[in-house]
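Each remark here refers to the structure printed beneath this line.
Quick note on labels: first sequence line is chain A, next is B, and so on, each numbered from 1. Note that this is a predicted model, so its numbers are computed, not measured.
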There are 2 protein chains.
Amino acid sequence: MTSSKTDPRVLRTRKLIMDAFIELSGKKEFKDITVKDLTAEAMINRATFYYHFEDIYDLLEKALSEVLFVNLDSHWFKGKEPDEDSLVRIFTAITNFQTSLSNRCHRGYEDTIARIIREQLQVIFYQMLLTQKNTEEDAALNMTAVLLSWGIYGASVEWRRSAREVPPEDYIKLAIPYLMSGLKS
Amino acid sequence: MTSSKTDPRVLRTRKLIMDAFIELSGKKEFKDITVKDLTAEAMINRATFYYHFEDIYDLLEKALSEVLFVNLDSHWFKGKEPDEDSLVRIFTAITNFQTSLSNRCHRGYEDTIARIIREQLQVIFYQMLLTQKNTEEDAALNMTAVLLSWGIYGASVEWRRSAREVPPEDYIKLAIPYLMSGLKS
DNA sequence: TCGGATCTGTCGTTTATCCGACAAAGGGAC
DNA sequence: GTCCCTTTGTCGGATAAACGACAGATCCGA
């Protein structure tokens, strides 16, 4: 398909680094994690880290994207339309994701994390929209994806701010009818 | 000390293989584990396996030695005399080890496993005996270590055969007085 | 403000690992 | 028995990862 088969050593090393990052994130704050720490935990050489990532912020970005990607189970959404069911699943996935993140002390990087989540959502929404519209409206689809990603993300912020009194699926269902009527036009 | 520092890749790869072996041992019998299975689980190339081990029996041997070594906490015994406390600890360690092994379905390789355990015990007893005797009696010490390793191992076989009605520490304590009186001469 | 220490990125060289292919040996199914 | 398929070891050539050294950045206590 896409791939000219990436070297297994690369996949393995990336996984080792990611796992080490997750592990260390549980022990100390992001700002206190050094590349040396990471590579020691991952059992790889420091130079090898720079072979795969620009710096530790690049790692943060890619690691979060990957975790979020798995949480969102992107394959499941590919080819689906953005119906109520999909939106509920996406919303609960990212609220779960953020809840698990808040245990991990990434204070001071909320902005970065938020951006990563929105970018990931945007990609997924764009792919979903592609299945029901033709590609000539590309710019419009992209814009819609942007709006949806910000909207859903914002809803998750508000949900957390509301002290999580309502289950996320109930919370998002309130807004969905309005969204859906617009999307079908 | 000893080392001209083995390459970290070697240590990492060995660990990956060992872990994969432990993992697979829980799922299927030893005879059904292929090198291909192992290397897939370990995320390494099949050729790399043969770089580290002669074949899968070689792996069995080294993996068991390592697990047993950890169980026996060899560092703890180094420099100790073979007193009652040490013997009880060793005996309970290997009975624990074998109990955990019996969950892992290595049927058909009891002989190999038994040999590995005895060899490991022999090394440990020899080191312990060295601390109280001088090296001129080397052959005698070695012979004593052999006897002790077979004796303790045999006791563990009998203990398991007795349906484990008595706690291992009580079981071995029955025999120890006779051993000790002999050892001190 | 200075100095020591640690961390960061980068480089050229060496080495462990990957790949793909190979012959040989086993193990079912028929 | 004969096929077919999988596993086993082994090889030479390609490549990712390790090493150790380096200059510059950053931090922190004196």
Side-chain angles (χ1 to χ4, degrees), chain A residues 1-25 27-64 66 105-109 112, chain B residues 1-25 27-64 66 105-109 112:
Chain A
M1 295 270 277
T2 65
S3 58
S4 49
K5 261 199 242 177
T6 56
D7 193 307
R9 285 171 285 185
V10 170
L11 298 176
R12 193 210 311 135
T13 299
R14 289 217 187 109
K15 176 168 160 50
L16 288 169
I17 294 176
M18 298 273 188
D19 289 349
F21 182 58
I22 303 284
E23 176 66 24
L24 285 183
S25 294
K27 293 183 189 162
K28 48 171 87 174
E29 297 195 25
F30 174 74
K31 71 174 174 47
D32 295 328
I33 297 177
T34 71
V35 176
K36 207 180 164 197
D37 288 339
L38 257 173
T39 55
E41 174 82 28
M43 301 183 72
I44 59 142
N45 190 274
R46 204 164 55 82
T48 306
F49 174 87
Y50 292 103
Y51 183 91
H52 294 282
F53 303 96
E54 284 202 355
D55 51 33
I56 208 160
Y57 302 99
D58 185 35
L59 169 64
L60 173 65
E61 195 146 332
K62 289 177 177 161
L64 289 187
E66 182 155 312
C105 306
H106 282 117
R107 269 168 292 173
Y109 290 88
T112 306
Chain B
M1 295 270 280
T2 65
S3 58
S4 49
K5 262 200 240 176
T6 57
D7 193 306
R9 283 172 286 186
V10 170
L11 298 175
R12 194 211 306 137
T13 299
R14 290 219 186 108
K15 175 168 161 49
L16 287 170
I17 295 176
M18 297 273 189
D19 289 349
F21 181 59
I22 302 284
E23 176 66 22
L24 285 182
S25 294
K27 293 183 189 164
K28 47 171 87 173
E29 297 194 25
F30 174 74
K31 71 175 173 49
D32 295 329
I33 297 177
T34 70
V35 176
K36 206 180 164 197
D37 289 339
L38 257 173
T39 56
E41 174 83 27
M43 300 182 73
I44 59 142
N45 190 274
R46 205 165 53 83
T48 306
F49 174 87
Y50 292 103
Y51 184 91
H52 294 282
F53 303 96
E54 285 201 357
D55 51 32
I56 207 160
Y57 303 99
D58 185 35
L59 169 64
L60 173 65
E61 195 145 332
K62 289 177 177 161
L64 289 187
E66 183 156 311
C105 306
H106 282 116
R107 269 168 292 173
Y109 291 88
T112 306

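Side-chain atoms of B:Met43 and B:Leu16, non-hydrogen and from C-beta on, never get closer than 4.5 Å to each other. At least one side-chain heavy atom of B:Leu59 sits under 4.5 Å from a side-chain heavy atom of B:Ile17. The shortest distance between side-chain heavy atoms of B:Phe53 and B:Val35 does not fall below 4.5 Å. Side-chain contact between B:Thr6 and B:Leu11: present, with at least one pair of heavy atoms (C-beta onward) separated by less than 4.5 Å.
Separating the CG atom of B:Leu38 from the C1' atom of D:dG9 is a distance of 15 Å, rounded to the nearest angstrom. A:Leu11 has its CG atom 14 Å from the C1' atom of D:dT15, to the nearest Å. The distance from atom CZ of A:Phe49 to atom P of D:dC19 is 17 Å, rounded to the nearest whole Å. Distance NZ (A:Lys36) to C1' (D:dT26): 15 Å, rounded to an integer number of Å. In this structure, the CG atom of A:Asp32 is 14 Å from the C1' atom of D:dT26, given to the nearest Å. Atom CD1 of A:Ile44 and atom P of D:dA16 are 15 Å apart (whole Å).
With a heavy-atom cut-off of 4.0 Å to chain B, the contacted part of DNA chain C has its first and last nucleotide at C:dT15 to C:dA21.
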Could you run down the sub-3.5 Å N/O contacts of the protein with nucleotides 10-14 of chain D?
none

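Taking A:Lys15 as the reference, A:Asp19 meet the side chain to side chain donor-acceptor pair (under 3.5 Å) condition, with sequence neighbours excluded. Under the side chain to side chain contact (heavy atoms under 4.5 Å, CB included) criterion, B:Asp37 pairs with B:Leu24, B:Lys28, B:Thr34, sequence neighbours left out.
Side-chain N or O atoms of B:Arg46 include none that pairs as donor or acceptor with a backbone N or O of B:Lys36 at under 3.5 Å. Judged by distance alone, the side chain of A:Thr13 and the main-chain N or O of A:Arg9 form a donor-acceptor pair under 3.5 Å. A donor-acceptor pair is defined here as one N or O able to donate and one able to accept, closer than 3.5 Å; such a pair exists between the side chain of A:Ser25 and the backbone of A:Phe21.
Here the closest heavy-atom approach between residue A:Ile56 and residue A:Ile33 is recorded as CD1-O, 3.2 Å.
Among the heavy atoms of the strands lying under 4.0 Å from B:Arg12 are primed sugar atoms or P, OP1, OP2 only; no base atom is included.
Between its two ends, the helix from C:dT1-D:dA30 to C:dC30-D:dG1 turns its axis by 60°, counting five pairs per end and rounding to 10 degrees.
Of the two residues near DNA chain C, B:Met43 and A:Ile33, the one whose nearest nucleotide lies more 5' is A:Ile33.
Screening residues 49-62 of chain A for salt bridge (charged side-chain N to carboxylate O under 4.0 Å, His left out) gives A:Asp58-A:Lys62, A:Glu61-A:Arg115 as the qualifying pairs, with residues at least two apart or on separate chains.
A close approach under 4.0 Å does occur between a side-chain nitrogen or oxygen of A:Tyr51 and OP1 or OP2 of D:dA16. Look at A:His52 and you'll find a side-chain N or O under 4.0 angstrom from OP1 or OP2 of D:dA17.
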